[in-house]
Protein chains: 2
Amino acid sequence: MLKYSALKKLLKDHQLRVTDCRLDVLQLFKSRGHALTSRYLEDELTSYDRVTLFRTLNSFIEKGVVHKIPDDSGIARYGICGHSCAPAAHHHDHVHFKCSSCGHVDCLSDYTVPTVTIPGYLIQESNMILNGVCKSCNQ
Amino acid sequence: MLKYSALKKLLKDHQLRVTDCRLDVLQLFKSRGHALTSRYLEDELTSYDRVTLFRTLNSFIEKGVVHKIPDDSGIARYGICGHSCAPAAHHHDHVHFKCSSCGHVDCLSDYTVPTVTIPGYLIQESNMILNGVCKSCNQ
DNA sequence: ACAATAACTGCAATGATGTTGCAAACATGA
DNA sequence: TCATGTTTGCAACATCATTGCAGTTATTGT
């Protein structure tokens, strides 16, 4: 459970107004270790409108608080960004892992995406999603 | 334009019944070089019901004819599989590239996803999606 | 070639998710 | 505290994914 002051600071640092909804969403991201779906937010924070949560996520993405994670399931997941993200530039060169056992998607912040170069192609961003069994489930 | 016999063989090889819809969808995948959305199929093949195309894609995935490509846009794309795919095991260790200029998603069959090992994690599948400007648009 | 069977298709309907406009409520800086 | 611009909730709509069912079609064995 993060302190209110810390959450508030995080929002202010990203040029976001401090509201109940944003604090609760942020709290949820911080308390869970893994990426969240908008559906999960809706189920957990029933006091807020679905649209509000949707717009909260969008503003969080825009300001560099969270990032969207590609997934072949078609359901968008959002992971909280590291320290280095700003509205101007997101830096998500870390690997994502989807566990087929618990279903969680984790941001593996310590693992950077390997560089790939392809002749004739200009590569601006790299995403890597691994599928398998995560540490917790693999024991 | 692939010969009818070749398309037919491809379907039979994957334990799929030969139907008009499947032949047309397959033809479309073969003639376009890049990954397709279900929306595109609907627009191109208006003589078939949307549900039929949906189920055609699903059966193609199940039998290893095409594979679903993760994308943070939320719109599913499908790429035709290489020779090595079977119902039992898909092998898509190639890199995917999404061009921000033309919007196409290409399967870069010649580029395999770099191996990443993470202690404690069992990795069963690796996906890599690059974003940038493709060869055609980069000239 | 033909019948039996299992698979495929179209239609209707439903659910989930993403998205916008607008008016009321709220956070912020002066 | 006030003025301002931002955020929220509601309603509505668009898109996509998915299922059931009945009619049609492809395939297998004879």
Side-chain angles (χ1 to χ4, degrees), chain A residues 4-5 7-28 35-63 65-78 87 103 105, chain B residues 4-5 7-28 35-63 65-78 87 103 105:
Chain A
Y4 170 74
S5 58
L7 297 174
K8 196 169 161 182
K9 183 176 186 307
L10 204 156
L11 289 177
K12 282 186 178 285
D13 286 349
H14 288 85
Q15 291 109 51
L16 285 164
R17 292 197 171 188
V18 180
T19 66
D20 290 350
C21 180
R22 289 175 180 174
L23 287 168
D24 284 337
V25 170
L26 205 51
Q27 180 77 266
L28 210 51
L36 306 178
T37 62
S38 63
R39 178 61 184 282
Y40 180 79
L41 293 184
E42 288 164 28
D43 291 342
E44 289 290 315
L45 304 172
T46 51
S47 60
Y48 301 109
D49 191 80
R50 201 164 53 87
V51 178
T52 301
L53 293 171
F54 166 74
R55 285 195 263 230
T56 298
L57 283 173
N58 276 357
S59 60
F60 276 15
I61 289 172
E62 194 188 336
K63 303 296 186 181
V65 179
V66 301
H67 58 279
K68 211 169 178 175
I69 303 169
D71 181 5
D72 61 6
S73 78
I75 301 166
R77 287 171 191 274
Y78 304 85
V105 173
Chain B
Y4 170 73
S5 59
L7 297 173
K8 196 169 160 181
K9 182 176 187 304
L10 203 155
L11 289 176
K12 282 185 177 285
D13 285 349
H14 288 86
Q15 292 112 49
L16 285 163
R17 292 198 172 187
V18 179
T19 67
D20 291 349
C21 180
R22 289 175 180 175
L23 287 169
D24 285 337
V25 170
L26 205 50
Q27 180 77 265
L28 209 51
L36 307 178
T37 62
S38 63
R39 177 62 184 278
Y40 180 80
L41 293 184
E42 288 164 27
D43 292 342
E44 289 291 314
L45 305 172
T46 51
S47 60
Y48 301 109
D49 192 81
R50 202 161 49 88
V51 178
T52 301
L53 293 171
F54 166 74
R55 285 195 263 231
T56 298
L57 283 172
N58 276 358
S59 61
F60 276 14
I61 289 173
E62 194 188 337
K63 302 297 185 181
V65 178
V66 302
H67 58 280
K68 211 170 178 177
I69 303 170
D71 181 6
D72 60 6
S73 78
I75 300 167
R77 288 172 191 273
Y78 305 85
V105 173

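Proteins get letters first, then strands, A, B, ... in listed order; numbering begins at 1 in each. On a predicted model such as this, the values are computed, not experimentally measured, just so you know.
Here C:dA16 presents its P atom at 11 Å from CD1 of A:Ile75, a figure rounded to the nearest Å. D:dT18 atom P lies 11 Å from atom CG of B:Leu57, rounded to whole Å. Rounded to an integer number of Å, the gap from A:Asp71 CG to D:dA17 P is 13 Å. Separating the CZ atom of B:Arg22 from the C1' atom of C:dC8 is a distance of 6 Å, rounded to the nearest angstrom. The separation between A:Leu11 atom CG and C:dA27 atom C1' is 12 Å, rounded to whole Å. Per the geometry, CD belonging to A:Gln15 stands 16 Å off C1' belonging to C:dA27, to the nearest Å. In this structure, the CG atom of A:Leu36 is 14 Å from the P atom of C:dT17, given to the nearest Å. D:dT27 atom P lies 7 Å from atom CZ of B:Arg17, rounded to whole Å.
Both B:Thr19 and B:Ser73 lie near DNA chain C, and the one whose nearest nucleotide falls closer to the 5' end is B:Thr19. If B:Lys8 and B:Ala76 are placed on DNA chain D by their nearest nucleotide, the residue sitting closer to the 5' end is B:Ala76.
Between A:Phe60 and A:Leu16 there is a side-chain heavy-atom pair separated by less than 4.5 Å. With a 4.5 Å cut-off on side-chain heavy atoms, B:Leu53 and B:Ser38 do not count as touching. Residues B:Lys9 and B:Ser5 have side chains not in contact (no heavy-atom distance under 4.5 Å, counting atoms from C-beta outward).
A heavy-atom distance below 4.0 Å to DNA chain C is reached by these residues of residues 39-53 of chain A, ordered by number: A:Arg39, A:Arg50, A:Val51.
The backbone N or O of A:Asp43 sits nowhere less than 3.5 Å from a side-chain atom of A:Thr46 that would complete a donor-acceptor pair. Counting only distance, with no hydrogens or angles, the side chain of A:Arg22 and the backbone of A:Arg17 share a donor-acceptor pair below 3.5 Å.
Here the side chain of B:Arg55 is nearest to one of D:dA17, C:dT20, C:dG10, namely C:dG10. Here C:dT19 is the nucleotide among D:dA17, C:dT19, D:dT8 with the atom lying nearest to any side-chain atom of A:Phe54.
The side chain of B:Ser38 contributes an N or O atom lying less than 4.0 Å from OP1 or OP2 of D:dA17.
Ion pairing between a basic and an acidic side chain is recognised when a charged N comes within 4.0 Å of a carboxylate O; B:Asp72 and A:Lys68 show no such pairing.
For the residue pair A:Leu11 and A:Val18, the shortest heavy atom distance occurs at CD1-CA, 4.1 Å.
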